[in-house]
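Some notes on the structure that comes next.
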Amino acid sequence: MSMKNQTLVSEIVLLGFQNLHNFKIPLFSLFLLIYIMIIWENVLIIVLVSSSRNLQSPMYFFLQQLSACDFLESTIIVPILLQTVINEGATMYFVDCLVQFYFFSLTEAFECFLLAVMSYDRYVAICIPLHYTSIMSHRVCVTLIFVSWLLSLIAVLIIAKIMATLQFCDQNTINHFFCDLFPIVELSCSDTYLVHINIMLQSIPVIFIPFILITVSYICIAHAILKIVSNTGRQKAFSTCSSHLAVVSIFYGALTAIYVVPPRKELQTISKVLSLLYTIVTPLVNPLIYSLRSKDIRDVLQRILNRLHQAPRGQIY
C-alpha cells in the first residue's frame, strides 16, 4: 500500500455553530471579549514575571510558561472561531487546516506536560520544603520546560506521520469551529481503524501519564497538608492547590471526553461545547486562578499602578 498522502481536497469548510440567527452578534461579541481578556491577562502575567525580581521563583516561571502557552493556543483557535460565528462558517486551505491542527496539538500536548511539571513543583514546595531550592533550581526548571516542548513536538510529529498515510478525496466539510483531530480524520476516504488505534495509544503518554503524575502528586500534597498543625498554614496550602486541581479537572476532563472517548456524530454540539472548555475557558481562567489570585503578583501589580498614579503628568516610566 502506498504511504503517500493522495490529497484531492484543496479547501476545507468549517461549519462552526449553525443556525445562530439573532444570537450571532451577541455570541461574536462574547467570544471577542473573552479573546481580548485572554490576551490581556496572559500578556500581563508574562510581563510581570519577566520584569519583577520578586517573581523569579520556579512557580512563577512555570506560570509564565503557562501564560505563553495559553496565549499561543487562543491565537491559533479564536480568530477562526470568530470568523465561523460572524459568517456562519469559514473556508480555509486544506494545508492551512493541517497547520492549525499541528500547532494547536503542540500547545495542547505541552500544556499536558506543563501541568504535570507544575504539580511536581507544588509537591516539592509543600512536601520537601527544605530541599525546594536545590531540587527546583533554575537549570532544572529550564530543562523541564525544554523536555516538555521536545516531547510535545515528538507527539505532533508522530501524529503528522499518521495523518500522512490518509487519503482525502472529495469530502471537505467539517462540522466544527476549528480543524481538530477526529473531524479531519473523518474526512478521509481511507480505512481509519489503525489511525484511531494509534491515537488511543498516543493518548497514554500525552494525557494519562501526566494526569497520573498530577494525581499522585496531589495525593502526597493532601497527606502533607493534613499534617500541618496551624489552621492558617493548612488553609494557605489547600488554597494554593485546590485552584490548580479545579483547572486540571476541567482541562483533562474535556480532553478525555474529546480524544479518548470521542462523542458520536449525532453529539457534535456536545463536542463543540467541550472543545470550548479547553480552547477558550481554560486560557481565560488560568491567569485568574493561578496567577492573579497570588498575593505576590497582586503586590507587584499594585506597586506598578501606584508608581504610574504618582508619576508627574507627561513623565513616562
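Numbers for residues simply follow the sequence, beginning at 1. A quick note: this is a predicted structure, and the numbers were derived from the prediction, not measured.
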> Is the number of heavy atoms from other residues, nucleotides or ligands within 6.0 Å of OH (Tyr123) greater than 12?
Replying inline: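 12 or below, so no.
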> Is it the case that Lys272 places NZ or CZ above or below the six-membered ring of Phe17, under 6.0 angstrom from the centre and within 45 degrees of the axis?
Replying inline: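 Pair Lys272/Phe17 counts as cation-pi.
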For the hydrophobic clusters of this structure (ILVMFWY residues joined by side-chain heavy atoms under 4.5 Å, transitively), does one cluster hold both [X] and [Y]?
| X | Y | value |
| --- | --- | --- |
| Phe28 | Val273 | no |
| Phe103 | Ile39 | yes |
| Leu157 | Leu181 | yes |
| Leu130 | Ile135 | no |
| Leu276 | Leu15 | no |

> For Asp96 and Gln100, what are the C-alpha separation, side-chain angles and deciding distance, and is it a side-chain hydrogen bond (donor to acceptor under 3.5 Å, both in side chains)?
Replying inline: CA-CA 6 Å; Asp96 295 339; Gln100 184 196 47; over 6 Å; no
> Do Asn198 and Gln202 have a side chain donor and acceptor closer than 3.5 Å?
Replying inline: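 Checked: Asn198/Gln202 side chains show no N/O donor-acceptor pair below 3.5 Å.
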>> Quick check for you: to the nearest 0.5 Å, what is the distance between Leu98 atom CG and Met163 atom CE?
In response: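 Reported to 0.5 Å precision, the distance equals 5.5 Å.
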Do the side chain of [X] and the main chain of [Y] share a donor and acceptor less than 3.5 angstrom apart?
| X | Y | answer |
| --- | --- | --- |
| Gln64 | Ile45 | no |
| Gln56 | Ser52 | yes |
| Ser188 | Gln167 | yes |

> Run the side chain to side chain contact (heavy atoms under 4.5 Å, CB included) check on Leu63 and Met118 step by step: do they pass?
Replying inline: CA-CA 8 Å; Leu63 289 176; Met118 291 172 63; 3.6 Å; yes
>> Can you classify the ring geometry of Phe211 versus Tyr252 as parallel (below 30°), tilted (30 to 60°) or perpendicular (above 60°)?
In response: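 Geometry flag for Tyr252 against Phe211: tilted rings.
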> Would you call the rings of Phe110 and Trp149 parallel, tilted or perpendicular if under 30° counts as parallel and over 60° as perpendicular?
Replying inline: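 Plane angle under 30°, so parallel.
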>> What verdict does the disulfide (SG to SG under 2.5 Å) test give for Cys220 and Cys127, after you've listed the backbone C-alpha separation in whole Å, the side-chain angles of each residue and the deciding distance to 0.1 Å?
In response: CA-CA 7 Å; Cys220 295; Cys127 299; 5.9 Å; no
>> Just so I know, are the side chains of Met136 and Cys141 near enough to count as touching, which here means a heavy-atom distance under 4.5 Å?
In response: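 Yes - at least one pair of side-chain heavy atoms lies under 4.5 Å apart.
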Nearest non-hydrogen partners of [X] and [Y], listed with the distance:
| X | Y | answer |
| --- | --- | --- |
| Ala254 | Leu274 | CB-O, 3.8 Å |
| Ser119 | Ala116 | OG-O, 2.6 Å |
| Thr91 | Glu11 | CG2-OE1, 3.6 Å |
| Pro79 | Tyr35 | CG-OH, 4.2 Å |

>> Could you go through Thr165 and Ser190, starting from their C-alpha distance and side-chain angles, then the distance that decides it, and tell me whether this counts as side chain to side chain contact (heavy atoms under 4.5 Å, CB included)?
In response: CA-CA 9 Å; Thr165 65; Ser190 306; over 6 Å; no
> Should Asp299 and Asn54 be marked as a side chain to side chain contact (heavy atoms under 4.5 Å, CB included) after you check the CA-CA gap, both sets of side-chain angles, and the distance that decides it?
Replying inline: CA-CA 10 Å; Asp299 289 344; Asn54 296 331; over 6 Å; no
>> What verdict does the side chain to side chain contact (heavy atoms under 4.5 Å, CB included) test give for Leu81 and Thr279, after you've listed the backbone C-alpha separation in whole Å, the side-chain angles of each residue and the deciding distance to 0.1 Å?
In response: CA-CA 10 Å; Leu81 167 62; Thr279 57; 6.0 Å; no
> Considering the options Ile80, Leu82, Thr75, which one meets the side chain to side chain contact (heavy atoms under 4.5 Å, CB included) requirement together with Val78?
Replying inline: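 The option that passes is Leu82.
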